[in-house]
Amino acid sequence: MINTMKAGAVYQVKKAGAAMIQSPQQEEYRRKQWMESQIQHYGVAAIRKEAVWTGHAIKDIMAFAWKQIRLLLTTIAGAALPLFLPVLAVVLAVVLIVNVFSLLFTQHQQTIPQAVNVSEEVLAYRQEVSQIASRYDMSQYVELILAVMMQESGGRGQDPMQSSEGAFNTRYPRVPNGITDPTYSIECGIQELKYALLAAECTGPGDLEHIKLALQGYNFGSGYISWAVSRDGGYTPENAALFSSIWAERYGWSGYGDKDYVPHVLRYYALASAGNSNAIISEGMKYMGMPYVYGGSSPETSFDCSGFVYYVYNQCGYQVPRATAQGFYDMCVPITEQEAQPGDLVFFEHTYDFYERITHIGIYIGNGQMMHFGNPGKISPISSYGNKFVGYGRLPAATE
């Protein structure tokens with residue numbers, strides 16, 4: 001994770017910003033104790049934050065409702081007012097309940113994370129990353145882990161997460177590329193990332209503010225996180241550059257870590273709005289990394305591009321026939337780029353020699369990206385197909 005350090009000081013640098021350098025055994029014990037306390041604090045903090053937010057929401061809604069009632073009262077004759085009070089009380093209660101739940105639902109509407117523009121080597125690790133992440137309660141961060149892996153190694157080499165220098169590596173030398181077991185590299189990297197996310201008090205894969213803080217801490221060492229919070233309240237590009245220069249000067253090096261680690265990772269990480277497309281994108285993401293199989297239309301056979309769309313849509317409650325890319329294009333209502341929403345379809349022409357014009361199809365996920373079955377199933381920019389892109393479409397079954 002830190003590529004500009006001297007090999008003899010690798011472990012010490014990973015803990016930059018700490019008050020003293022500890023032995024690996026001391027550091028491991030301290031880390032585990034700290035993580036346990038953070039897990040307890042994390043849960044309590046989340047509940048406290050939710051309670052405060054909910055209280056403000058109810059207060060605001062009540063104020064609005066009372067304002068409307070006062071306006072209504074001024075239009076009612078004084079003599080008839082007692083007759084209306086019970087009715088108004090019931091109306092107020094119903095409005096309050098409905099609006100609170102509506103506001104809560106809107107506030108917490110999920111976003112869907114996706115690893116984008118990652119290599120086939122990284123995608124090949126998706127299943128293994130998912131399995132290991134589940135053991136460490138990190139399943140919701142699989143896409144972020146893949147984005148980190150893309151930045152660290154592109155999925156190549158025996159240490160794809162570049163975990164050799166981290167404190168969770170207890171089997172191999174703590175030198176660059178010291179780990180020679182990819183599975184162990186992923187295991188260490190996931191624990192290291194979890195440690196940073198907890199330290200940054202990240203609330204989920206859509207919490208970009210705290211993800212940025214955690215990512216820079218993952219690269220610099222956890223000392224950066226507490227330093228950045230105390231100095232600026234969190235990550236900023238400016239304090240990342242300052243932290244790097246401070247420690248580079250202290251060690252007499254030309255550079256320390258990657259001060260631009262956050263934008264470097266986030267170019268491989270995107271969030272799509274959930275809305276009604278939540279189920280479609282979530283279902284489709286399960287099959288990214290599987291091989292392209294001509295005529296395939298199920299997880300058992302794997303997929304071709306149109307078989308993938310057919311299967312995902314039907315799994316999400318839509319009744320669409322098995323069709324070619326051209327067939328889906330003919331079924332769709334054309335929409336503009338401005339109208340396109342995650343879950344809509346994208347079409348391409350003449351991507352290979354075939355008797356039909358439309359030869360490729362994908363599912364739009366937002367931000368100019370699509371999930372599709374090239375070879376393998378992957379996330380790609382729509383622009384990667386150049387002038388072969390035809391346009392967006394929406395199936396009538398998905399049109400409100």
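- Rounded to the nearest 0.5 angstrom, Asp304 CG and Asn375 CG are separated by 11.5 Å.
- Between Lys212 and Glu209 there is no salt bridge, since no side-chain N of the basic residue sits under 4.0 Å from a carboxylate O of the acidic one.
- Two residues are said to be in side-chain contact when any heavy atoms from C-beta on lie closer than 4.5 Å; Tyr184 and Gln158 fail this criterion.
- Under a 3.5 Å cut-off, the side chain of Thr359 and the backbone N or O of His350 do form a donor-acceptor pair.
- Residues Glu356 and Thr324 bring a donor and an acceptor atom of their side chains to less than 3.5 Å of each other.
- Tracing side-chain contacts under 4.5 Å through hydrophobic residues (I, L, V, M, F, W, Y), one never reaches Tyr364 starting from Val320; they form parts of separate clusters.
- The hydrophobic clustering, which links ILVMFWY residues whose side-chain heavy atoms are closer than 4.5 Å, places Ile132 and Leu197 together.
- Using a 4.5 Å heavy-atom threshold, the side chains of Val390 and Tyr329 count as touching.
- The backbone N or O of Val293 lies less than 3.5 Å from no partner atom in the side chain of Ser302, so there is not a single donor-acceptor pair.
- With 3.5 Å as the limit, one finds a donor-acceptor pair spanning the side chains of Tyr261 and Glu152.
- In the hydrophobic clustering of ILVMFWY residues, with side-chain heavy atoms under 4.5 Å counting as a link, Ile179 and Val148 come out apart.
- Between the side chain of Ser163 and the backbone N or O of Gly189 there is at least one donor-acceptor pair closer than 3.5 Å.
- Residue Gln127 qualifies as open at atom CD: its count of foreign heavy atoms under 6.0 Å is 12 or below.
- Note: Tyr224 and Phe243 have perpendicular aromatic rings, judged against thresholds of 30 and 60 degrees for the angle between ring planes.
- Aromatic ring centres of Phe220 and Tyr256: separated by under 6.0 Å.
- Considering only residues two or more places apart in sequence or on other chains, Tyr292 meets the ring pair (Phe, Tyr, Trp, His ring centres under 6.0 Å) condition with none of them.
- Scanning both residues, Gly223 and Ser226, for their nearest heavy atoms gives O-OG, 3.3 Å.
- Side-chain N/O atoms of Thr203 and His210 include no donor and acceptor closer than 3.5 Å.
- Residues Tyr310 and Ile361 are not in side-chain contact: their nearest non-hydrogen atoms beyond the backbone lie 4.5 Å or more apart.
- Residues Asp159 and Arg174 are not paired through a salt bridge, judged by the lack of any N-O separation under 4.0 Å between the basic side chain and the carboxylate.
- At least one side-chain heavy atom of Arg126 sits under 4.5 Å from a side-chain heavy atom of Met285.
- Taking 4.5 Å as the limit, every side-chain heavy atom of Val118 sits out of range of all side-chain heavy atoms of Tyr125.
- At a cut-off of 3.5 Å, with distance as the only test, a side-chain donor of Asp330 or Gln326 sits close to an acceptor on the other residue.
- Side-chain contact between Phe348 and Met370: present, with at least one pair of heavy atoms (C-beta onward) separated by less than 4.5 Å.
- A salt bridge between Lys259 and Glu238 is absent, with no side-chain N of the basic residue lying under 4.0 Å from a carboxylate O of the acidic one.
- For the residue pair Asn177 and Gln162, a side-chain donor N or O sits within less than 3.5 Å of a side-chain acceptor on the partner.
- In this structure, Ser139 and Ser134 approach most closely via the heavy-atom pair OG-CA, 3.3 Å.
- Counting heavy atoms from C-beta on, the side chains of Tyr313 and Leu345 come closer than 4.5 Å.
- In this structure, Tyr311 has its ring center closer than 6.0 angstrom to the ring center of Phe303.
- Between Gln216 and Asn239, the closest side-chain pair of non-hydrogen atoms is not below 4.5 Å.
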